[in-house]
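Let me begin by handing over the structure; questions about it come next.
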Amino acid sequence: MVGVTIPFGKPLIGAEETDAVWEVLQSPILVHGPRATQFEEAFAEYTVAPHAVSVSSCTAGMHLIYFALGIGHGDEVIVPAQTHVATAHAVELTGAKAVFVDVEPESGNIDIAQIEAAINSKTRAIAVVHYLGVPVDVPRVAAIAERHGLFLLEDCALAPGAHLDGTHVGLHGDAGVFSFYPVKHLTTAEGGMIILKDGDLARRLRQLKAFGVTRSHGERQIPGMYDVLDLGFNYRMSEIHAAIGVEQLRKLPHFLEVRRENHERLDAGLTHVSGIRIIAQPVNNRFRSSHYCLGMVLEPEISDRRADIVRALGDKGIGTSIYYPHPVPRLAYYQGKYGYDSTEFPHATAISDRIIALSVGPHLSTTDMDYVATSVQEVWKEANV
Ligand SMILES: Cc1ncc(COP(=O)(O)O)c(C=O)c1O
């Protein structure tokens, strides 16, 4: 076994980020300062969003939105069965129920044709997830949401840089929420950003992410004087995290270009490998992916070999991952609480049980992609797949 030479994820932090953090640490302002504002403005400009609100994580951002909307006990929110648990947890944290809808087998995105059947008088919102960075056809979901008076949240954790019909994801629905966790397209270590068009909601989110205070730090006329109108959280992003984000965002176009090239190269290198299909590919040029990773799904006849294949790739120094290890309704918390039968979500289940996620991150080159493709072919030969 060689050490992992091709890690699945590796944050690319350079001197720019280190210098920016150092500068913050030399200043008297570690929270409530100019860096968070600068990051918000830069993110709004990059995505062409009317408003951007920084938060401490994507999970915090989604929870904050539902909380601000007054979603709670007795309410339901529709979420895809194939996603990170955070998409559903953000709903459950409010006391509302996450109601799962299966995904399409090819894109891994929520099966829009099944959404309407899950709507009832308790439904308050729909959450879609741009799985592996390929946009959901959000306008189709928005038409359903509008018909039923529902809020439409886009979980954009894997999708900075992804566009649909020339518009950045997060702006076709009512709000989009991004994650800056270390393996994501850009990182702040922990962090998130909400983008949205509604200025009133943006103001409310700013208030609620900071304890519900009436005035932000910069707006106070007498230092220390504020009132609290509402319950609220501490979901702010610190100046240190924001300073990293500003520098990472400058590099994002380059990161995305490397991801695109790597994905194309690896996809081409796997063309003749039997028993696999590559999922989450844009179906036409309306959809521009952010190429989070390459999703290689094993056909059923070899799916029980996944652990061996992952181990064999590991022996060749190739790190892999699984997105996501279970359909959310099969996770113990949801299984225990609602007793879901996972045969209700066959496509989400098939993806979880058969996918191997291969990295196309900007820490890797097209030469690395050739090595991964050759290694997959070798593993197939050695394992007689
Ligand atoms: C689709 C999706 N949503 C939400 C999250 C949670 O993001 P965060 O860690 O920033 O809360 C993740 C994390 O990987 C994710 O993949």
Side-chain angles (χ1 to χ4, degrees), residues 8-11 39 43 52-67 77-94 98 100-101 103 107-110 125-136 138 152-162 169-170 173 175-195 205 209 233-238 241-242 244-245 248-249 259 279-280 289-293 295 320-329 331 333-334 348 351-352 355 357 359-361:
F8 181 80
K10 183 175 170 212
F39 187 29
F43 203 83
V53 180
S54 58
V55 279
S56 52
S57 69
C58 178
T59 311
M62 293 190 289
H63 180 217
L64 185 67
I65 290 170
Y66 295 135
F67 183 81
V77 175
I78 292 171
V79 302
Q82 179 54 257
T83 182
H84 190 280
V85 70
T87 320
H89 269 12
V91 174
E92 296 269 324
L93 282 168
T94 68
F100 299 100
V101 165
V103 296
S107 68
N109 283 336
I110 192 163
I126 303 170
V128 297
V129 177
H130 305 292
Y131 177 72
L132 307 190
V134 175
V136 173
V138 186
L152 176 50
L153 184 148
E154 296 179 51
D155 178 339
C156 303
L158 305 183
V169 295
V177 193
F178 296 80
S179 168
F180 306 131
Y181 183 73
V183 293
K184 300 298 198 296
H185 296 73
L186 71 160
T187 187
T188 59
E190 293 279 12
M193 189 75 77
I194 301 169
I195 59 172
L205 294 173
K209 79 167 186 178
F233 305 95
N234 181 352
Y235 278 171
R236 288 173 307 212
M237 176 181 281
S238 82
H241 295 84
I244 302 172
Q248 287 271 293
L249 187 59
R259 283 179 178 278
I279 63 163
S289 175
S290 62
H291 299 108
Y292 180 66
C293 64
T320 59
S321 191
I322 293 177
Y323 281 82
Y324 292 90
H326 295 277
V328 181
L331 291 167
Y333 171 82
Y334 289 94
I351 291 174
S352 286
I355 196 168
S359 180
V360 298

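Counting convention: from 1, in listed order, for ligands and their atoms alike. Model, not experiment: these values are computed from the prediction.
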> Hey, looking at atom 9 (O) of ligand 1, which of S179, S56, G61, A88 has the closest heavy atom?
Replying inline: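 Among S179, S56, G61, A88, the closest heavy atom to atom 9 (O) of ligand 1 comes from S179.
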
> Hey, does L158 come in under 3.5 Å of ligand 1, counting only N/O atoms on both sides?
Replying inline: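 So ligand 1 has no N or O lying under 3.5 Å from an N or O of L158.
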
> So S352 and Q82, side-chain hydrogen bond (donor to acceptor under 3.5 Å, both in side chains) or not? Walk me through it.
Replying inline: CA-CA 8 Å; S352 286; Q82 179 54 257; 3.0 Å; yes

> Would you say Y181 has any N or O atom under 3.5 Å from an N or O of ligand 1, going by distance alone?
Replying inline: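 Min N/O separation from ligand 1 is not below 3.5 Å for Y181.
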
>> Suppose we measure from atom 13 (C) of ligand 1 to each protein heavy atom; which comes out shortest, and what is that distance?
In response: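 Sorting protein heavy atoms by distance from atom 13 (C) of ligand 1 puts K184 NZ, 3.1 Å first.
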
>> Could you identify the single nearest non-hydrogen protein atom to atom 2 (C) of ligand 1 and state the distance to 0.1 Å?
In response: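 Heavy-atom neighbour on the protein nearest atom 2 (C) of ligand 1: A157 CB, 3.3 Å.
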
> Counting N and O atoms only, with roles assigned by atom type, does the side chain of E190 sit under 3.5 Å from a partner on the main chain of S57, one being a donor and the other an acceptor?
Replying inline: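 A pair under 3.5 Å: no.
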
>> Using side-chain hydrogen bond (donor to acceptor under 3.5 Å, both in side chains), reason through Y334 and H89 one step at a time and then give a plain yes or no.
In response: CA-CA 10 Å; Y334 289 94; H89 269 12; 2.8 Å; yes

>> Parallel, tilted or perpendicular, judged at 30° and 60°: which one describes the rings of Y235 and F233?
In response: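 Taking F233 first and then Y235, their aromatic rings lie parallel (interplane angle under 30°).
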
>> Using a 4.0 Å heavy-atom cut-off, which part of C58 comes near ligand 1: side chain, backbone, both, or neither?
In response: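 Both of them.
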
>> Can you tell me which portion of Y324 lies within the under-4.0 Å heavy-atom range of ligand 1? Options are side chain, backbone, both, or neither.
In response: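 Just the side chain.
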
> For ligand 1, which atoms, with element, lie under 4.0 Å from some heavy atom of S57?
Replying inline: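 Taking each heavy atom of S57 in turn, ligand 1 has 10 (O), 11 (O) under 4.0 Å.
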
>> Test of understanding: with side chain to side chain contact (heavy atoms under 4.5 Å, CB included), list the residues that count as partners of C293, not counting sequence neighbours.
In response: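 Applying side chain to side chain contact (heavy atoms under 4.5 Å, CB included) to C293 gives F8, L132, A357.
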
>> Hydrogens and angles aside, do H63 and T94 bring a side-chain donor and acceptor to less than 3.5 Å of each other?
In response: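 No, because no side-chain N or O of H63 sits under 3.5 Å from a partner of the opposite role on T94.
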
> Starting from atom 3 (N) of ligand 1, which protein heavy atom do you reach first, and at what distance in Å?
Replying inline: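 Checking every protein heavy atom, the shortest distance to atom 3 (N) of ligand 1 gives D155 OD2, 2.7 Å.
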
> Can you list the ligand 1 atoms lying under 4.0 Å from a non-hydrogen atom of V129?
Replying inline: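 Numbered from 1, ligand 1 contributes 1 (C).
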
> Given the rule in the side-chain contact (heavy atoms from CB on, under 4.5 Å) test, do R236 and S54 qualify, once you have shown the distances and angles that lead to the verdict?
Replying inline: CA-CA 7 Å; R236 288 173 307 212; S54 58; over 6 Å; no

> Going by the order shown, which atoms of ligand 1 are within less than 4.0 Å of some heavy atom of A86?
Replying inline: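 Atoms satisfying the 4.0 Å criterion: 4 (C), 5 (C), 6 (C).
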
> So, the side chain of R259 versus the backbone of Y292: is there a donor-acceptor pair under 3.5 Å, distance only?
Replying inline: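 Yes, R259 side chain to Y292 backbone: donor-acceptor pair under 3.5 Å.
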
> So is T83 polar-close to ligand 1, meaning N/O to N/O under 3.5 Å?
Replying inline: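 No - when backbone and side-chain N and O of T83 are compared with those of ligand 1, no distance drops under 3.5 Å.
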
>> Do H84 and Y131 pair up side chain to side chain, a donor and an acceptor below 3.5 Å, judged on atom types alone?
In response: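 No, no side-chain donor-acceptor contact under 3.5 Å.
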
> What do we get for T59 next to ligand 1 when only non-hydrogen atoms under 4.0 Å count, side chain, backbone, both or neither?
Replying inline: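 Both backbone and side chain.
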
>> Checking a contact table here: which protein heavy atom is nearest atom 15 (C) of ligand 1, and how many Å away?
In response: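 The closest heavy atom on the protein side is H84 CB, 3.3 Å.
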
